[in-house]
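Here's a structure for you.
By convention here, the first residue in the shown sequence is residue 1.
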Amino acid sequence: MKNLLFAACTAFLFIACEKVKVDVKTGSDKTDSTANEEWKPVDSATATKAWMDYATPGDMQKMLAKSDGNWSGETTMWMENGGKPMTSKSEAINKMVFDGRYQVSSHKGNFMGMPFEGMSITGYDNSKNKFVSTWIDNMGTGIMNMEGDWNASKKSIEFKGKMTDPSRPGKDCNMREVYTFVDDTHQTMEMYGPDSKTGKEFKTMEIKFVKK
């Protein structure tokens, strides 16, 4: 069954890539970033192996799986650089899905006295050799996308990405997140973003998680 799945995925890959190759030749999509790239053909055996490597969970996914379970969080937030910190408590549930390929995290707490809910999907892209993450919550209507590198010496992932800046309609702002795996029962998430007055980066939030 797995071989059938990989064969189907590989066939889909060839069909999709063939379409891209045609588009590159005809220039039908001038906004495509691959339009100016030279096409390099890949034989079926190489493509199949690459797809299997891409789809097979490894050490990074196993590391994420150690975070499965229920966590309590102590959150500190700053609305501006040097501003008065606001504190609150939250709960998080982590669960690996799709046979250990991704981790879905559900968060509940409060923000300035209002109920807060959020959800993230985190994985490790075997092809990019990077962690990838998305975030949505009930305080907005956009999706934040981030990519991050593993720092073995600090036992942390530094994510970088963009999110919608509602104060500047149609614009995004740069975000940075440092997730530290202190030990098996303690983790810390630090979020950095631009100050609304200066645009300079500052720490906007810190959550200290303890596993229940």
Side-chain angles (χ1 to χ4, degrees), residues 60 63-64 66-95 102-125 130-212:
M60 293 293 98
M63 184 186 72
L64 281 177
K66 292 181 179 180
S67 299
D68 271 12
N70 296 354
W71 297 73
S72 58
E74 292 187 0
T75 303
T76 304
M77 295 189 67
W78 296 267
M79 298 304 292
E80 61 182 11
N81 196 10
K84 183 179 179 181
M86 298 179 291
T87 60
S88 61
K89 296 186 180 297
S90 60
E91 303 288 333
I93 301 175
N94 299 332
K95 183 180 179 181
Y102 308 93
Q103 186 174 75
V104 176
S105 300
S106 300
H107 298 255
K108 286 188 177 183
N110 62 79
F111 176 73
M112 298 180 69
M114 296 181 290
F116 175 83
E117 291 186 63
M119 185 182 77
S120 67
I121 300 176
T122 304
Y124 183 79
D125 189 316
K130 286 182 177 290
F131 282 92
V132 291
S133 177
T134 63
W135 172 264
I136 57 173
D137 58 48
N138 66 335
M139 295 291 178
T141 53
I143 300 177
M144 182 168 67
N145 296 288
M146 308 185 89
E147 292 187 355
D149 295 309
W150 171 245
N151 187 323
S153 63
K154 295 182 178 180
K155 297 174 62 177
S156 67
I157 306 169
E158 183 178 29
F159 287 99
K160 293 181 180 180
K162 293 181 179 293
M163 67 173 290
T164 301
D165 184 351
S167 64
R168 300 187 304 154
K171 302 291 184 180
D172 290 335
C173 61
N174 294 323
M175 301 296 295
R176 186 166 65 91
E177 179 182 296
V178 179
Y179 210 104
T180 304
F181 299 79
V182 181
D183 55 40
D184 289 344
T185 57
H186 295 81
Q187 298 179 357
T188 302
M189 190 279 285
E190 298 168 282
M191 180 73 76
Y192 298 83
D195 183 274
S196 59
K197 296 179 180 178
T198 66
K200 294 182 179 179
E201 182 187 85
F202 78 106
K203 182 189 283 191
T204 62
M205 179 169 57
E206 177 180 270
I207 306 177
K208 294 182 178 180
F209 291 104
V210 178
K211 196 171 189 178
K212 293 184 179 180

Those residues that, when tested against Tyr102, pass ring pair (Phe, Tyr, Trp, His ring centres under 6.0 Å) (two or more places apart): none

Any Lys66 side-chain heavy atom under 4.5 Å of Phe181 side chain: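 The answer is no, as the side chains (C-beta and beyond) never meet within the 4.5 Å cut-off.
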
Steps toward side-chain contact (heavy atoms from CB on, under 4.5 Å) verdict (Met144, Phe159): CA-CA 11 Å; Met144 182 168 67; Phe159 287 99; over 6 Å; no

Aromatic ring pairing Phe209/Tyr179, orientation class (parallel under 30°, perpendicular over 60°, tilted between): parallel

Exercise: identify the closest heavy-atom pair between Pro115 and Asn138: O-ND2, 3.2 Å

Residues that Glu190 engages under salt bridge (Lys or Arg N to Asp or Glu O under 4.0 Å), provided they are two or more places apart: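 Testing Glu190 for salt bridge (Lys or Arg N to Asp or Glu O under 4.0 Å), a comparison that skips the adjacent residues, returns Lys203.
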
Any Asp172 side-chain heavy atom under 4.5 Å of Met163 side chain: no

Stepwise side-chain contact (heavy atoms from CB on, under 4.5 Å) test for Tyr124 and Met63: CA-CA 10 Å; Tyr124 183 79; Met63 184 186 72; over 6 Å; no

Listed partners of Thr204 passing side chain to side chain contact (heavy atoms under 4.5 Å, CB included), at least two apart: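 With sequence neighbours excluded, Thr204 shows a side chain to side chain contact (heavy atoms under 4.5 Å, CB included) to Met191, Phe202, given in chain and number order.
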
Point-to-point distance, once rounded to the nearest 0.5 Å, from CD of Glu117 to CE of Met139: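 Rounded to the nearest 0.5 Å, the CD-CE separation comes to 9.5 Å.
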
side-chain contact (heavy atoms from CB on, under 4.5 Å) between Glu91 and His107, intermediate numbers included: CA-CA 6 Å; Glu91 303 288 333; His107 298 255; over 6 Å; no

Separation of Ser90 OG from Glu74 CD (nearest 0.5 Å): 9.0 Å

Heavy-atom neighbours of Met79 CE exceed 12 at 6.0 Å: no

Minimal non-hydrogen separation, Gly73 against Ile207, with atom names: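 Reported closest heavy-atom pair: CA-CG2, 4.1 Å.
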
Listed once per pair and sorted, the salt bridge (Lys or Arg N to Asp or Glu O under 4.0 Å) pairs that draw on residues 142-157, sequence neighbours left out: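 Counting only pairs at least two positions apart or across chains, the salt bridge (Lys or Arg N to Asp or Glu O under 4.0 Å) contacts touching residues 142-157 are Lys128-Glu147, Lys130-Asp149.
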
Minimum heavy-atom distance Met175-Gly193, with the two atoms named: SD-CA, 4.0 Å

Smallest separation among heavy atoms of Met146 and Gly161, with atom names: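 What the structure gives for the nearest pair is CE-N, 3.7 Å.
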
Distance-only side-chain donor-acceptor flag, Gln103 / Asp68, under 3.5 Å: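 Their side chains do contain a donor-acceptor pair, which is all the 3.5 Å distance test asks for.
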
Parallel, tilted or perpendicular, as decided by the 30° and 60° cut-offs, for the rings of Phe116 and Trp135: parallel

Glu158: side chain to side chain donor-acceptor pair (under 3.5 Å) partners, not counting sequence neighbours: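 Partners of Glu158 under the side chain to side chain donor-acceptor pair (under 3.5 Å) test: Arg176.
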
Partner residues of Asp184 under the side chain to side chain contact (heavy atoms under 4.5 Å, CB included) criterion, sequence neighbours left out: none

Rounded distance (nearest 0.5 Å) linking atom CD1 of Ile157 with atom CE of Met60: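 Between atom CD1 of Ile157 and atom CE of Met60 there are 8.5 Å.
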
Test item: Val132 and Thr122 side chains (from C-beta on) under 4.5 Å apart, heavy atoms: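 SC-SC contact between Val132 and Thr122 ruled out.
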
Distance (rounded to the nearest 0.5 Å) between Ser156 OG and Asn151 CG: 4.5 Å

Gap separating the CG atom of Asn94 from the OG atom of Ser120, nearest 0.5 angstrom: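 Between Asn94 CG and Ser120 OG, I get 7.0 Å after rounding to 0.5 Å.
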
Ser88 side, atom OG; Met114 side, atom CE - distance, nearest 0.5 Å: 11.5 Å

Chi angles and distances behind the side-chain contact (heavy atoms from CB on, under 4.5 Å) call for Met205, Thr75: CA-CA 7 Å; Met205 179 169 57; Thr75 303; 3.9 Å; yes

Side-chain (Asn81) to main-chain (Asp195) donor-acceptor, under 3.5 angstrom: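 Between the backbone of Asp195 and the side chain of Asn81 there is no qualifying donor-acceptor contact (under 3.5 Å).
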
Minimal non-hydrogen separation, Glu206 against Trp78, with atom names: N-CZ3, 4.1 Å

Residues Lys211 and Asn70: side-chain donor-acceptor under 3.5 angstrom: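 No.
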
Which atom of Gly118 lies closest to which atom of Asp137, heavy atoms considered: CA-CB, 3.7 Å

Whether over 12 other heavy atoms sit under 6.0 Å from Lys212 NZ: yes

